[in-house]
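See structure below.
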Amino acid sequence: MSRTARYKIVYFTMLFGGAVLAGAAFVVFRLSPLAVVTVLIGALIPGRILGFFWRDLLKGLRLLNAREYPESKRSSERFLVEVHKRPWIRKLIWLGASTYSRDPEVIALNNLGAAEMQLGEHDAARRHLNQAIALDPLCPLPFVTLGIMARQAGDSAEAARCFAEARRLGYAHGLLDRIVRASQTRFAETDGR
């Protein structure tokens, strides 16, 4: 079983567990104001902390999804500078549930590479994606992005190799990956709220 598959199990277990705990709080306390406030605080505080410290990472993803590639690139670059100035913000990953990597720098490098790929800056994109792989060789996202880049360049053999590696690392582009992607997109669109 790949690390990504284990992370997905943890992610969906946390979602289910959170829903059960929220439901139990509502039943036990009969929808008392205290139960409602406790559940809301428990659900919102971690995301707010991530949203505050990772605003450029989230903004970069939101702009990437909106196809605003130059702005996405700048936001990802700002986050990378910030994570190098304050390396402790990497540890905030434990406030969320990442399914692909426990290093936000890897996610930022992938987003940066994807934006650069769309801007036609293929050498820079390849460099950033390879840097992401060097930091976390078990993260499938840079391989997906490299596969898309190879496919766009007409190199079907390299695209197939990259997509096969992403699949081996747990990225199936199936229902679970689409749910995770939608959740990450929603989180980025709300800046962690």
Side-chain angles (χ1 to χ4, degrees), residues 1-8 11 50 54-84 89-90 93 96-189 191-192:
M1 177 184 299
S2 71
R3 183 190 72 181
T4 299
R6 288 191 307 273
Y7 283 178
K8 286 177 189 174
Y11 179 79
L50 280 176
W54 291 8
R55 64 186 154 273
D56 283 321
L57 177 64
L58 297 172
K59 185 177 181 182
L61 177 58
R62 183 177 67 246
L63 292 166
L64 184 63
N65 290 333
R67 299 173 190 241
E68 296 178 28
Y69 305 119
E71 294 84 4
S72 174
K73 178 181 174 181
R74 283 190 288 277
S75 291
S76 294
E77 289 171 334
R78 276 193 308 270
F79 180 77
L80 290 167
V81 167
E82 188 66 24
V83 85
H84 286 280
I89 66 174
R90 291 174 195 268
I93 191 81
S98 175
T99 55
Y100 301 114
S101 179
R102 290 283 178 204
D103 188 344
E105 184 176 0
V106 171
I107 304 302
L109 286 165
N110 182 71
N111 293 349
L112 177 57
E116 289 168 334
M117 173 186 68
Q118 294 297 336
L119 292 168
E121 301 170 6
H122 295 112
D123 290 337
R126 198 170 286 104
R127 186 174 61 253
H128 288 121
L129 294 167
N130 286 327
Q131 187 178 355
I133 292 167
L135 286 173
D136 186 355
L138 298 178
C139 181
L141 296 180
F143 291 102
V144 172
T145 308
L146 283 168
I148 292 168
M149 203 160 75
R151 186 175 55 204
Q152 288 176 348
D155 189 346
S156 57
E158 178 63 9
R161 186 195 69 76
C162 290
F163 291 140
E165 184 63 12
R167 273 191 305 280
R168 186 186 73 76
L169 294 173
Y171 188 88
H173 198 65
L175 177 62
L176 294 181
D177 287 309
R178 288 195 299 271
I179 291 170
V180 168
R181 188 82 168 159
S183 172
Q184 291 170 340
T185 298
R186 166 107 173 65
F187 188 70
E189 287 172 356
D191 291 324

Task: Residues I133, L109; criterion side chain to side chain contact (heavy atoms under 4.5 Å, CB included); working and verdict - done: CA-CA 9 Å; I133 292 167; L109 286 165; over 6 Å; no

Quick one: [atom1] on [X] to [atom2] on [Y], what's the gap to the nearest 0.5 Å?
{"X": "L112", "Y": "T145", "atom1": "CG", "atom2": "OG1", "value": "11.0 Å"}
{"X": "F79", "Y": "H84", "atom1": "CZ", "atom2": "NE2", "value": "9.5 Å"}
{"X": "D155", "Y": "L146", "atom1": "CG", "atom2": "CG", "value": "11.5 Å"}
{"X": "L61", "Y": "N111", "atom1": "CG", "atom2": "CG", "value": "5.0 Å"}
{"X": "K59", "Y": "L64", "atom1": "NZ", "atom2": "CG", "value": "14.0 Å"}
{"X": "M149", "Y": "E116", "atom1": "CE", "atom2": "CD", "value": "9.5 Å"}

TODO: Could you check if a side-chain atom of R126 sits within less than 4.5 angstrom of a side-chain atom of N130, using non-hydrogen atoms only?
DONE: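 The answer is yes; the side chains approach within 4.5 Å.
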
Open item on the list: Are the side chains of R62 and E71 in contact, using a 4.5 Å heavy-atom criterion?
Closed with: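 E71 vs R62: side chains apart.
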
Sequence neighbours left out, what passes salt bridge (Lys or Arg N to Asp or Glu O under 4.0 Å) with [X]? Give chain and number order.
{"X": "R78", "value": "D56"}
{"X": "E158", "value": "R161"}
{"X": "E165", "value": "R168"}

TODO: Before accepting this row, confirm whether a basic side-chain N of the pair E121/K73 lies closer than 4.0 Å to the acidic partner's carboxylate O.
DONE: yes

Locate the shortest heavy-atom distance separating [X] from [Y]; write the atom from each residue and the value.
{"X": "G113", "Y": "A125", "value": "O-CB, 3.3 Å"}
{"X": "F163", "Y": "I148", "value": "CZ-N, 3.5 Å"}
{"X": "R90", "Y": "W54", "value": "O-CZ2, 4.2 Å"}
{"X": "H122", "Y": "M117", "value": "NE2-O, 3.7 Å"}
{"X": "G147", "Y": "A159", "value": "O-CB, 3.5 Å"}
{"X": "F143", "Y": "C162", "value": "O-CB, 3.3 Å"}

Open item on the list: Under a plain distance cut-off of 3.5 Å, with no hydrogens placed, do S101 and D136 share a side-chain donor-acceptor pair?
Closed with: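 Judged by distance alone, the side chains do pair up.
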
